[in-house]
Undergrad: 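So that we are looking at the same thing, I have put the structure below in structure tokens.
Since we're looking at a predicted model, the values are computed, not measured. Below, chain A is the first sequence line, B the second, and so on; all start at residue 1.
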2 protein chains.
Amino acid sequence: MTGRCSGLSSAERAEAMIRTIAPTPNRALSGRCSACAVRSLSICGALDQADLIEFERIARQVHLTHNEAIFTAGQAATSVHNVTAGVARLYKLLPDGRRQVIGFALPGDFLGAMPSDRYSFSADAIEAVSVCRLSAESFAQFIEHRPHFLRRINEFAARELMLAQEQMLLLGRRTAEEKVAAFLVGWRARLANIGDQQHTIALPMSRQDIADYLGLTIETVSRTLTRFEREKMLVIVSGGVRLLDAKRAEAMAGV
Amino acid sequence: MTGRCSGLSSAERAEAMIRTIAPTPNRALSGRCSACAVRSLSICGALDQADLIEFERIARQVHLTHNEAIFTAGQAATSVHNVTAGVARLYKLLPDGRRQVIGFALPGDFLGAMPSDRYSFSADAIEAVSVCRLSAESFAQFIEHRPHFLRRINEFAARELMLAQEQMLLLGRRTAEEKVAAFLVGWRARLANIGDQQHTIALPMSRQDIADYLGLTIETVSRTLTRFEREKMLVIVSGGVRLLDAKRAEAMAGV
DNA sequence: CGTCCCGTTTGATCTGGATCAACCGGTCGC
DNA sequence: GCGACCGGTTGATCCAGATCAAACGGGACG
């Protein structure tokens, strides 16, 4: 069933409010795109040397720490962002505080598919995060005469959409056990994709974040993980989880 | 209990009955794009006269009836589609048969954001449907040197993604009552958007389709609708629903 | 005109996951 | 070194929505 107040506590909400109001301090140095570690993973992988120099001119590196907002739902969408380091949490809130995490953004992920002129969701840093920030205007201008770049952005949007559809299936039709297993397997795949191929799956987000991503409560996530551990499918370690029986997890996830 | 004899005269019921969503059903003989009723709503709205003639050359009108498949998940994604009449159901299945409807496609909607070379979901006709079918290759070629068209497709993808995120919030964090109310309000808005602005909301899809869209069972959808009727929020009519208290529905939907 | 069929409604009961409530263990500030 | 705090775990109970079961009603067809 769907929980009533499974989002933030009122204290957390107040904190989030303050965060939102406070302008994000800008500790940016100008970025050197040609040296960017995640360029090939990001939309910038479609840019040649000349493009990069121009891109660098309009981009600005911004660094954020734990729980700092990158942008907030409802605000004017004046910037687009490229995550270059760390993990961001993307989410939507209901007026009464219920929260749905709609995704986690990893290095290389692009946050800028804006159909409206306001952000339709919020994004903040789960851990230390760096983003490449561009004004929406200069970004639009930059795209203007670079159709290959637009095509790349389009591919990213299509991939994002496919992930969203997969997540709808998960939220609407999978059991708690399947949700948690699918999350672990999917998260591991995404980490592997950016080169982090450890046998221990890093989980920088809190249990609450996972719960809000899977449409569950924190207690159910915790119980399910401990059960998985009891059943020798994994070991819970500090900052993550170590998969012992990946086959079983994948079977549960219904891959 | 006499079921749904809810105080409507037979005249009213007849008036409310079966209205195809198509603005102009079956107007197309060969694909005459320049005469297409939904062009301005669709991605083709970005095409000029010359583009249209070329588009027409590669497009083929296909007509489908109730429950016929437009394409199926897992198949090679050889075509892209533009719905021109009727309503299609987009869905994903789990191996054990659980189904998640990920959306309903209306005239003007584009089905072609393919990140992979296989369809990641299935689409079939809920009622009589016409689609504009193009081979993925010729479509890709067509886009090639038409950046304005690509930009239009991108806008459509971004809108689609935003809807998907809204749906994740619904699936993960809303109650059954909120889900049904949100569905009615959202569906009404989409119908209004394509020009069908009747006070009776046409519901060409089955209760099962609605249930699978909202992550509920058919019984819960049915019960919730009857309750809404009992509470005078709406009247259930053949082929749809008549909203009596739109304000209340919108409040429930959390708009 | 009857009856078969199928989508829908309604009723009774069950249960997965939510809610409520401790409690645990690490860390931070003093 | 100690208490407060915070994220996480565990236990007891509850309940929204699922499941099981039956009946209804309208359309199709002989």
Undergrad: Over how many whole Å does the gap from A:His66 atom NE2 to C:dT27 atom C1' extend?
TA: 14 Å
Undergrad: Write down the distance between CG (A:Asp209) and C1' (D:dG7), rounded to a whole number of angstrom.
TA: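 Taking atom C1' of D:dG7 as the reference, CG of A:Asp209 is at 11 Å.
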Undergrad: Distance from B:Glu127 atom CD to B:Asn67 atom CG, nearest 0.5 Å?
TA: 11.5 Å
Undergrad: Could you give the CG-to-P distance, from A:Leu203 to D:dG8, as a whole number of Å?
TA: 10 Å
Undergrad: Considering only heavy atoms, which members of residues 217-227 of chain B lie under 4.0 Å from some atom of DNA chain C?
TA: B:Glu219, B:Ser222, B:Arg223, B:Thr226
Undergrad: Nearest-Å distance, CD1 (B:Ile236) to P (D:dC24)?
TA: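 Atom CD1 in B:Ile236 sits about 18 Å away from atom P in D:dC24.
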Undergrad: CG of B:Asn67 versus P of C:dC6: gap in Å, rounded?
TA: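 It works out to 13 Å between those atoms.
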Undergrad: Roughly how many Å is it from CG in B:Leu171 to C1' in D:dA16, rounded to a whole number?
TA: 16 Å
Undergrad: I'd like to know whether the aromatic ring centres of B:Phe110 and B:Phe156 sit less than 6.0 Å apart in this structure.
TA: no
Undergrad: Measure from CZ on A:Phe228 to C1' on D:dT9 and round the result to the nearest Å.
TA: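 The distance from CZ of A:Phe228 to C1' of D:dT9 comes to 16 Å, rounded to the nearest Å.
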Undergrad: Classify the angle between the aromatic ring planes of A:Tyr213 and A:Phe183 as parallel (below 30°), tilted (30 to 60°) or perpendicular (above 60°).
TA: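 Plane angle over 60°, so perpendicular.
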Undergrad: Measure the distance from CZ on A:Arg98 to P on D:dA16 and round it to the nearest whole Å.
TA: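 After rounding, the gap between these two atoms is 13 Å.
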Undergrad: Going by salt bridge (charged side-chain N to carboxylate O under 4.0 Å, His left out), name the residues that satisfy it together with B:Arg159, two or more places apart in sequence or in a different chain.
TA: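 Listed in chain order: nothing, the list is empty.
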Undergrad: Under 4.0 Å between a Lys/Arg side-chain N and an Asp/Glu carboxylate O for B:Arg227 and B:Glu231?
TA: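 Between B:Glu231 and B:Arg227 there is a salt bridge, with a charged N closer than 4.0 Å to a carboxylate O.
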Undergrad: Just so I know, are the side chains of A:Arg188 and A:Glu250 near enough to count as touching, which here means a heavy-atom distance under 4.5 Å?
TA: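 They are in contact (side-chain heavy atoms under 4.5 Å apart), so the answer is yes.
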